[in-house]
Protein chains: 2
Amino acid sequence: MTTINDIAKMANVSRTTVSRVFNNGYVSEDVRKRIMKIVEETGYTPSLSAKSLRTKKSGVIGVILPKISTETASRVVSGINEVVAKENFQILLTDTELKKEKEIEYIRLLKSRHVDGIILLATNINADLIKAISAADLPFISIGQDLPGVTSILYDDYHAASDLTNLLVANHHKKIAFIGVGEEDPSVGRQRKMGYLDTLAKTNLPIREEWIEEGDFSIESGYECAKKIIRNSEKNLPTAIFAVTDRMAIGAMEYLREQGYSIPQDIAVAGIGASTMSKHLTPPLTTVDYYNKDAGKKAAQLLLAQMVQKKDKEKYTQTYRLIKRDSV
Amino acid sequence: MTTINDIAKMANVSRTTVSRVFNNGYVSEDVRKRIMKIVEETGYTPSLSAKSLRTKKSGVIGVILPKISTETASRVVSGINEVVAKENFQILLTDTELKKEKEIEYIRLLKSRHVDGIILLATNINADLIKAISAADLPFISIGQDLPGVTSILYDDYHAASDLTNLLVANHHKKIAFIGVGEEDPSVGRQRKMGYLDTLAKTNLPIREEWIEEGDFSIESGYECAKKIIRNSEKNLPTAIFAVTDRMAIGAMEYLREQGYSIPQDIAVAGIGASTMSKHLTPPLTTVDYYNKDAGKKAAQLLLAQMVQKKDKEKYTQTYRLIKRDSV
DNA sequence: CTGAAAGCGCTTACAG
DNA sequence: CTGAAAGCGCTTACAG
């Protein structure tokens, strides 16, 4: 491995001067040329560990994901990457496999790797997490959950769910079932459910326990929830099912189709997420686009801004867009 | 930021001793305990940049992706992560956005970041790339292309394509159209096409130019290719379309459906990739599962092995599995 | 415009 | 079992 000392020797200058040509210091034109020539011949690139040790900056930002192979995650990462790559930052990727202890573990790890900042796709809120974040004392952005004291990019779960429910109501549905997830996830589990519940209450529509089930984000759980809903309410079937994620909506559609119900004539279905799949289902799924990639971009921009200058913690709410398709 | 010197001072030992408790050297039980107590109180974690500068190992492996938000890529990354995370490695992620110069740029960058190894999801083969890889002189694995002199994990594109074509033939199709991609991509562009062509030749089936189109991996391009095929062969329509990726197959299905053809009665469709979507389309798409996640795992294992001990370059061919569904 | 020197936070022979 | 010293490859005041 060739180092700055090698280059300095070959160019007959001090390593200070070599360093300066890489850090826009004053260097005379001919010396600069002489050095650059040697740099190119040798293929020298400065050791970023040494640089990072010295400058306390690594040019790396840490990203903590609940699960890598998920469309939402990959969209967000793609958005993050798009903006940070332009500033010559790289992403250090980390996957909690949905275990919340790992979020904390990775925050520490990322810190010891001297990342310049962290973006967390949050799935829950707990005191230890908040503590770990503030202990890290690093530019930090959370996406998807409103973490106290942390700059957060939020999806407008409550209103998205209300709007979707209202859309169902506007399409003359009066019996609307719901497939949600656990409330450990305040955004997806709680806010979306509240949006559904409040809308029904406001429009004086019935809220029935047999129409409400809880899945775990998977397609299979959507299938199972739909099955339970249908079986538990045979005498009084809902005419629409609102699932809080596209994947669960797809599972539900699958079950309904198997049972010979036609969508949307017998039962309408709607989801959230605007997955690529949603568009290509038969019928195409009504859903909500959360602009995940933009959320990633925004997060990256805020992070970069925080790295330059500490800011007060802020909360940003992403816009969303209802996509009405033939499943409703 | 607390350093090893702070801990040493607080524990009244030399920093050598502190270092030893983290690197399993001999340290007496009480000293070790004394140190660990302080470590926990202060939340000290060793600076990985300093460690990396000193040891020339970073605990980071670089991954170069053609595009982050792609199902194949995220599956592979998930497989890689699963095995390297167990060994306490992290992934430094890099996205070429399909520009091949960036592959080379990132190899250099990753090298200067002192990654311990690199995994490249390769999309093309060229001399500069090979040169950059050998110049990096790092454990290196390529996935998806057979790079000369580089340990590679290969998909069995030729046989997968032959098998799929044969499946179509076995289902009494004699006029089989093809949607491929450019031959700059030897695996997807060339091998898959050869598998198709050779099978037709062997079974004495017609190969017609109007039935062969070239897309760019996108759903839209699949749509456009199907349109061209249908328009250019109105008098002699194919009874099946084989697209080399699921996404292009989906685009093709879309066009066919729009035009009122029913699948598979009028025209059958098959793809490659076993995307999640393929299963949930109507009708479900016949495709090939390449076990991308396993490919990622395998790549990671080989990389880890190479880091321990330099090995001869080897070639591994992944198994695949035909998934026959109702689109055929 | 250029260089000598100090120092970032670690690990690793070497010596005891 | 423990410590003093050297050194990994950089950057950055400081001085000229």
Side-chain angles (χ1 to χ4, degrees), chain A residues 1-36 38-39 42-60 88 108-116 136-138, chain B residues 1-36 38-39 42-60 88 108-116 136-138:
Chain A
M1 194 62 193
T2 107
T3 75
I4 196 171
N5 284 309
D6 303 330
I7 305 293
K9 226 169 279 168
M10 294 169 81
N12 242 302
V13 294
S14 74
R15 65 169 179 273
T16 308
T17 303
V18 177
S19 173
R20 270 196 274 262
V21 346
F22 286 102
N23 298 283
N24 13 287
Y26 290 109
V27 181
S28 69
E29 231 357 75
D30 49 330
V31 171
R32 158 168 275 123
K33 269 186 200 149
R34 181 146 42 97
I35 292 176
M36 283 314 290
I38 296 174
V39 165
T42 56
Y44 166 73
T45 55
S47 156
L48 261 13
S49 338
K51 185 166 181 164
S52 153
L53 174 59
R54 182 58 227 248
T55 60
K56 305 289 165 208
K57 306 207 169 303
S58 62
V60 172
N88 291 314
R108 296 213 182 104
L109 179 81
L110 258 12
K111 168 85 175 176
S112 71
R113 285 207 184 280
H114 291 274
V115 298
D116 295 334
D137 190 29
L138 235 38
Chain B
M1 191 64 191
T2 108
T3 75
I4 197 172
N5 284 308
D6 302 329
I7 305 293
K9 227 170 277 170
M10 296 169 80
N12 241 302
V13 294
S14 74
R15 65 169 177 273
T16 309
T17 303
V18 176
S19 172
R20 270 197 273 263
V21 347
F22 286 103
N23 298 282
N24 13 288
Y26 290 109
V27 181
S28 68
E29 230 359 74
D30 49 328
V31 171
R32 157 167 274 124
K33 269 186 200 150
R34 182 145 43 97
I35 292 175
M36 283 314 290
I38 296 173
V39 166
T42 55
Y44 166 73
T45 56
S47 155
L48 261 12
S49 336
K51 185 167 180 163
S52 153
L53 175 59
R54 182 58 228 248
T55 62
K56 306 288 166 206
K57 307 204 169 306
S58 62
V60 172
N88 291 314
R108 297 213 181 103
L109 178 81
L110 258 12
K111 168 85 175 178
S112 71
R113 286 207 184 281
H114 290 275
V115 298
D116 295 333
D137 190 28
L138 236 37

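The sequence lines fix the lettering, A, B, ..., with proteins before strands; numbering per chain opens at 1.
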- Item | Counterpart base for C:dA4, defined by Watson-Crick or G-U wobble contacts under 3.5 Å | none
- Message: With a cut-off of less than 4.0 Å, is there a side-chain N or O of A:Asn23 near OP1 or OP2 of D:dT11?
- Response: yes
- How far apart are the C-alpha atoms of B:Thr42 and B:Asp6, what are their side-chain angles, what is the distance that settles it, and do they pass the side-chain contact (heavy atoms from CB on, under 4.5 Å) test? CA-CA 10 Å; B:Thr42 55; B:Asp6 302 329; over 6 Å; no
- Message: Distance check needed: C:dG9 P versus B:Ile7 CD1, whole Å only.
- Response: 12 Å
- Item | Interatomic distance, A:Lys51 NZ vs C:dC8 C1' [rounded to whole Å] | 14 Å
- Message: Nearest whole Å is fine: how far is D:dG9 C1' from A:Leu53 CG?
- Response: 9 Å
- Item | Position toward the 5' end of DNA chain C (nearest nucleotide), A:Arg15 or A:Val27 | A:Val27
- Query: B:Asn12 has an atom CG; how far is it from atom P of D:dG3, in whole Å?
  - Reply: 9 Å
- When rounded to whole Å, the CG to P distance for the pair B:Asp6 and C:dC8 reads 11 Å
- Query: In whole angstroms, how far is the P atom of C:dT11 from the CG atom of B:Asn5?
  - Reply: 11 Å
- Taking only the side-chain nitrogens and oxygens of A:Ser28, find out if one of them lies under 4.0 Å from OP1 or OP2 of C:dT2. yes
- Item | Of B:Arg20 and B:Ser47, the one whose closest DNA chain C nucleotide lies more 5' | B:Ser47
- Message: Side chain of A:Ile4, heavy atoms from C-beta onward: which of C:dG9, D:dT2, D:dG9 has the nearest atom to it?
- Response: D:dG9
- Task: Determine: side-chain N/O of B:Tyr26 to OP1/OP2 of C:dT12, distance under 4.0 Å, yes or no.
- Result: no
- For A:Phe22, answer base if it contacts any base atom (sugar-phosphate contacts may also be present), sugar-phosphate if it contacts only those atoms, and nothing otherwise; contact means non-hydrogen atoms under 4.0 Å. nothing
- Query: Donor-acceptor pair, A:Arg113 side chain versus B:Ser58 backbone, under 3.5 Å?
  - Reply: yes
- Message: With a 4.0 Å limit, can you tell me whether B:Lys56 has a side-chain N or O closer than that to the phosphate oxygens OP1/OP2 of D:dG9?
- Response: yes
- Query: With respect to the side chain of B:Thr3, which nucleotide from D:dG3, C:dG9, D:dC10 is positioned closest?
  - Reply: C:dG9
- Please check the phosphate of C:dA4 (OP1 and OP2 only) for any side-chain N or O of A:Ser14 closer than 4.0 Å. no
- Item | Residues that A:Asp137 engages under salt bridge (charged side-chain N to carboxylate O under 4.0 Å, His left out), provided they are two or more places apart | A:Lys310
- Message: Looking at A:Arg34 and A:Ala11, would you say the former's side chain and the latter's main chain have a donor-acceptor pair under 3.5 Å?
- Response: yes
- Find which nucleotide of DNA chain D each of B:Arg54 and B:Arg34 is nearest to by heavy atoms, and output the residue with the more 5' nucleotide. B:Arg34
- Item | A:Thr2 (side chain) donor-acceptor with A:Tyr44 (main chain) under 3.5 angstrom | no
- Item | D:dA13 - base-pair partner by Watson-Crick or wobble geometry, distances under 3.5 Å | none
- Contact class for B:Thr16 (heavy atom, under 4.0 Å): base, sugar-phosphate, or nothing? base
- Short side-chain N/O contact to D:dT11 OP1/OP2 from A:Ser19, under 4.0 Å: yes
- Nearest-angstrom distance from the residue atom NE2 of B:His114 to C1' of D:dG9: 8 Å
- Query: Between the main-chain N or O of B:Gly43 and the side-chain N or O of A:Arg108, is there a donor-acceptor pair closer than 3.5 Å?
  - Reply: no
- Task: Rounded off to whole Å, could you give me the CD1-to-P distance for the B:Ile35 and D:dC1 pair?
- Result: 13 Å
